[in-house]
Amino acid sequence: MKHFRYLILLLAAILVASCGSRKKTLEASSGTLPEMMDNSASALNAMVTSINDNRLTTQAFTSRMNLSLAAGEKSINVGGTLKMKRDDVIQMTLVMLGLMEVGRMELTKDYFMIVNRMERQYVKASYDDIAFFKRNGIDFYAFQSLFWDELFLTGGQGSAPDAKKFTKTVEGSNLRLVNSDARQMVLTFLADMAKGTVRSTSFASKDAPDEVVLNWNYQDYTKLNKQDFPSRMQVQVNASSKPLSATISLSNLKASSDWEKRTELGKKYTQISMDEVVNSIMRLAK
């Protein structure tokens, strides 16, 4: 039973503690961006616009998933599915031995919920229930953009951000975009200029902008309805003395909206408080 409790806590930690690399050279292609561009303000602004234009147009899809979670020397691997519908829901289901669902994470515009099937417990809260999220405008749309591999601004309601909101720097074949509009954090993107895709997203505190709290890397792009989408995401959380990490590997991606968008729990499930979850995460991270 402790095995499953540990799994659920790690998943919660990635969600809640994440806001408190591996480098890979991608093969050059013709892409959607001009191969040769100068570094003038207008050229860099046009590049950001092109990256925004490359957003995935598929509105809903499903995927098989392998999730690897680790805290310090402890780690666990589990299979499952990832299902997403734009501007509606992100649903991650965890399955052991290919048969038994042991946990679920569900994010909507109104709440996020983490379900422990083994102990019939769940936590359900609004984003405003976490003070850091509320102060910095972190909501469903921020997590959606992280999972969908796209540029965003906190509090931006999922819209493609204006290029003028970023400080822009060309670094070899990559474009670094930095925004510090949030009250307590700096948001940084690294984009591939040839392919027009976001390669990594990171959060750092304004008090220590060089110390990344969360780093979300995108790798191994595949095609989903003829558009590039990462089949591997690596998430690193450095909010404690014991780093937390997750690797999300996707396969069999299919455009589909034919699935249940909301999780219904029976009367046998007990709701636990966010404070209980946070306290458990803090013990895990020591």
Side-chain angles (χ1 to χ4, degrees), residues 1-20 62-84 88-133 138-140 143 146-147 214 233 235-237 239-250 259-286:
M1 194 66 69
K2 290 182 180 180
H3 186 67
F4 298 113
R5 185 182 298 114
Y6 173 65
L7 170 66
I8 300 302
L9 283 176
L10 276 177
L11 183 59
I14 295 298
L15 174 65
V16 178
S18 61
C19 299
T62 66
S63 173
R64 292 179 183 174
M65 177 189 68
N66 184 76
L67 179 65
S68 175
L69 296 161
E73 296 180 354
K74 299 178 181 179
S75 64
I76 188 170
N77 292 282
V78 63
T81 61
L82 175 65
K83 301 177 181 179
M84 302 198 290
D88 185 27
V89 64
I90 300 167
Q91 198 175 85
M92 183 182 289
T93 301
L94 308 180
V95 177
M96 283 289 190
L97 305 175
L99 298 172
M100 180 173 57
E101 181 178 329
V102 296
R104 179 172 294 201
M105 182 176 76
E106 184 170 280
L107 289 78
T108 74
K109 290 183 284 187
D110 299 319
Y111 66 84
F112 65 87
M113 180 170 67
I114 299 170
V115 181
N116 182 343
R117 295 287 193 189
M118 301 304 297
E119 298 181 344
R120 293 181 179 176
Q121 294 179 335
Y122 71 98
V123 58
K124 186 176 183 179
S126 74
Y127 302 92
D128 285 349
D129 288 337
I130 298 180
F132 185 86
F133 286 6
I138 297 173
D139 54 13
F140 167 79
F143 285 104
L146 284 169
F147 275 95
L214 171 110
M233 305 181 195
V235 185
Q236 181 78 29
V237 180
S240 68
S241 59
K242 184 183 293 184
L244 306 170
S245 66
T247 299
I248 304 168
S249 300
L250 306 177
W259 43 276
E260 294 294 329
K261 309 302 188 299
R262 297 294 184 271
T263 299
E264 299 292 334
L265 298 176
K267 295 181 180 179
K268 293 183 179 181
Y269 280 82
T270 302
Q271 183 169 3
I272 60 176
S273 70
M274 180 55 64
D275 286 342
E276 291 180 76
V277 175
V278 171
N279 288 338
S280 296
I281 292 171
M282 294 305 294
R283 289 194 295 271
L284 180 69
K286 288 181 180 179

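Residues take their numbers from the sequence shown, with the count starting at 1. Here the structure is a predicted model, which means the values were calculated and not measured.
With sequence neighbours excluded, the residues forming a side-chain hydrogen bond (donor to acceptor under 3.5 Å, both in side chains) with E101 are R104, R117, listed by chain and number. With sequence neighbours excluded, no residue forms a ring pair (Phe, Tyr, Trp, His ring centres under 6.0 Å) with Y111. Partners of D128 by side-chain hydrogen bond (donor to acceptor under 3.5 Å, both in side chains), not counting sequence neighbours: none found. S68 meets the side-chain hydrogen bond (donor to acceptor under 3.5 Å, both in side chains) test with N77; sequence neighbours excluded. Residues meeting the side-chain hydrogen bond (donor to acceptor under 3.5 Å, both in side chains) test with D88, sequence neighbours left out: R262. In terms of the side-chain contact (heavy atoms from CB on, under 4.5 Å) criterion, residue partners of T62 (sequence neighbours excluded) are, by chain and number, K83, K254, S256, W259.
Rounding to the nearest 0.5 Å gives a distance of 7.5 Å between CG of L69 and OG of S245. Separating the CG atom in L250 from the CG atom in L67 is a distance of 10.0 Å, to the nearest 0.5 Å. Atom-to-atom distance recorded for T247:OG1 and Q236:CD is 9.0 Å, nearest 0.5 angstrom. Summarising the geometry, atom CE belonging to M84 is positioned 10.5 Å from atom CG belonging to L107; distances are rounded to the nearest 0.5 Å. Note that CD of Q91 is 10.5 Å distant from CE of M105, once rounded to the nearest 0.5 Å.
When all heavy atoms of V89 and K261 are compared, the closest pair comes out as CG2-O, 3.5 Å. Shown here for V115 and M113, the closest heavy-atom pair between the two residues is CG2-CG, 3.9 Å.
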side-chain contact (heavy atoms from CB on, under 4.5 Å) between I138 and F143, worked out: CA-CA 8 Å; I138 297 173; F143 285 104; 3.9 Å; yes
I would like to know whether I248 and M92 meet side-chain contact (heavy atoms from CB on, under 4.5 Å); could you show each step before the answer? CA-CA 10 Å; I248 304 168; M92 183 182 289; 4.1 Å; yes
Under the side-chain contact (heavy atoms from CB on, under 4.5 Å) rule, what do M96 and I76 come out as? Steps first, then yes or no, please. CA-CA 11 Å; M96 283 289 190; I76 188 170; 3.8 Å; yes
Take F140 and I90, measure what side-chain contact (heavy atoms from CB on, under 4.5 Å) needs, and give me the verdict at the end. CA-CA 9 Å; F140 167 79; I90 300 167; 4.0 Å; yes
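Taking the six-membered ring for Trp, Y127 and F112 have ring centres closer than 6.0 Å.
Tested against M65, the residues L94, V78, V95 include a single side-chain contact (heavy atoms from CB on, under 4.5 Å) partner, L94.
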